[in-house]
Amino acid sequence: MIFPKNMTFTLLSFLYFYTPEGYCENAGFLNNSYDNFKHNVKETWRDADGKDIYVPVLTWHNRYAYDEKHLDKYNEKPWGLGGGISRFDEKQNWNGLYFMAFKDSFNHWEPIGGYGWEKIWRPLENNQDFKLGAGYTAFITLREKWNYIPVPAILPLASIGYKNVNLQATYIPGTRNNGNVLFCWFRFTF
């Protein structure tokens, strides 16, 4: 098992409360969440209104979770590039399909591709171009450390943006000297 039971429960709870289309009221909420997920991926593929360029900018290893010996050998400049398509749904929430390749913590190439969803808030009444987002990303990645075996994952996603430029980020949880990484990238939409 990849995730401990409490991590699995946390991820399922996150999906339940933050899945597009909102809160499922019956006992089959996982089926409804999965159906919403499939619907949003399909709609994004068919009706994307934006083309995106992704530029990774930071992989920050949490200083409270790592000792100096490990920090000294890790790469925190994830050089790379990516592309994707995106749309805003009827509730003005962001949906995106993406692919990126970047240098990981060990300075090896790591490809990643998946789907992202964010609930969007526009907190400034007089400026609708400024936005904040929070949601999740479901993806598959391949790492040299794991012999490039495809690994699926679901992680939280957050963003701050102005017009067509967004800084998005996710946090990879972990244990001592493993995981606990903040990964950030710019997304430019055309």
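Note that these values count all heavy atoms, side chains included, but never hydrogens, waters or copies made by symmetry.
Evaluation of the side chain to side chain donor-acceptor pair (under 3.5 Å) rule for Trp185 yields Gln168 as partners, not counting sequence neighbours. For Glu76, the side chain to side chain donor-acceptor pair (under 3.5 Å) partners at least two apart in sequence or on another chain are His61, Arg63. Remark: Thr141 engages Glu110 in a side chain to side chain donor-acceptor pair (under 3.5 Å) (not counting sequence neighbours).
Under the 4.5 Å side-chain criterion, counting only non-hydrogen atoms from C-beta, Gln92 is not in contact with Ile120. Annotation: side chain of Leu97 is in contact with side chain of Val41 (closest heavy-atom distance under 4.5 Å). Between Asn166 and Trp94 the shortest side-chain heavy-atom distance does not fall below 4.5 Å. Counting heavy atoms from C-beta on, the side chains of Asp89 and Trp117 come closer than 4.5 Å. Pro156 places a side-chain heavy atom less than 4.5 Å from the side chain of Thr170.
Of the inter-residue distances, the one linking Asn107 atom CG with Asn75 atom CG reads 4.5 Å to the nearest 0.5 angstrom. Going from atom CH2 of Trp45 over to atom CZ of Arg87 covers 14.0 Å, rounded to the nearest 0.5 Å. Atoms CG and OG1, on Asn180 and Thr175 in that order, are 7.0 Å from each other to the nearest 0.5 Å. With values rounded to the nearest 0.5 angstrom, Gln128 atom CD is found 13.0 Å from Lys163 atom NZ. How far CG of Asn93 is from CH2 of Trp121: 8.0 Å, rounded to the nearest 0.5 Å. His70 contributes atom NE2, which lies 10.5 Å from atom CG of Asp72 (distance to the nearest 0.5 angstrom).
Summarising the geometry of Ala169 relative to Cys184, their closest heavy-atom pair is CB-SG, 3.7 Å, with the distance given to 0.1 Å. The two atoms that bring Tyr98 and Gly116 nearest to each other are CE2-N, 4.1 Å, heavy atoms only. Counting all heavy atoms, side chain and backbone alike, Thr189 lies closest to Ser86 at CG2-OG, 4.3 Å. Across every non-hydrogen atom of Pro56 and Phe102, the tightest pair is CG-CB, 3.8 Å. The nearest pair of heavy atoms linking Pro111 to Trp109 is CD-O, 4.0 Å.
In the hydrophobic clustering, Trp79 connects to no other residue, as no ILVMFWY side-chain heavy atoms lie under 4.5 Å from its own. In the hydrophobic clustering, Phe130 connects to Ile53, Val55, Val57, Leu58, Trp60, Leu81, Leu124, Leu132, Ile160, Tyr162, Val165, Leu167, Tyr171, Leu182, Phe186, Phe188, Phe190, either directly or through intervening members, whenever side-chain heavy atoms lie under 4.5 Å apart. Taking Ile, Leu, Val, Met, Phe, Trp and Tyr as hydrophobic and joining them when side-chain heavy atoms fall under 4.5 Å apart, one finds Ile149 isolated, its cluster having no other members.
By the neighbour-count criterion of 12 heavy atoms within 6.0 Å, atom NZ of Lys73 is densely surrounded, having more than that number from other residues, nucleotides or ligands. Other residues, nucleotides and ligands place more than 12 heavy atoms under 6.0 Å from the NZ atom of Lys145.
Remark: aromatic rings of Phe106 and Tyr74 are close, center separation under 6.0 Å.
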Open item on the list: What verdict does the side chain to side chain contact (heavy atoms under 4.5 Å, CB included) test give for Ile172 and Leu155, after you've listed the backbone C-alpha separation in whole Å, the side-chain angles of each residue and the deciding distance to 0.1 Å?
Closed with: CA-CA 7 Å; Ile172 298 99; Leu155 292 174; 3.7 Å; yes

Open item on the list: side chain to side chain contact (heavy atoms under 4.5 Å, CB included) for Arg176 and Asp67? Distances and angles first, verdict last.
Closed with: CA-CA 8 Å; Arg176 182 81 177 143; Asp67 57 41; 3.9 Å; yes

Open item on the list: Tyr66 vs Glu68, test: side chain to side chain contact (heavy atoms under 4.5 Å, CB included). Steps then yes/no.
Closed with: CA-CA 7 Å; Tyr66 284 90; Glu68 282 300 315; over 6 Å; no

- [ ] Output, in order, the C-alpha distance, side-chain angles, deciding distance and verdict of side chain to side chain contact (heavy atoms under 4.5 Å, CB included) for Arg143 and Tyr148.
- [x] CA-CA 5 Å; Arg143 300 193 68 193; Tyr148 289 105; 5.7 Å; no

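Between Tyr34 and Phe37, the ring planes lie parallel to each other; the angle is under 30°, not in the 30° to 60° tilted range.
With hydrophobic clusters built from ILVMFWY side chains whose heavy atoms lie under 4.5 angstrom apart, Ile85 shares a cluster with Tyr115.
No side-chain donor from either of His39 and Asn36 sits under 3.5 Å from a side-chain acceptor of the other.
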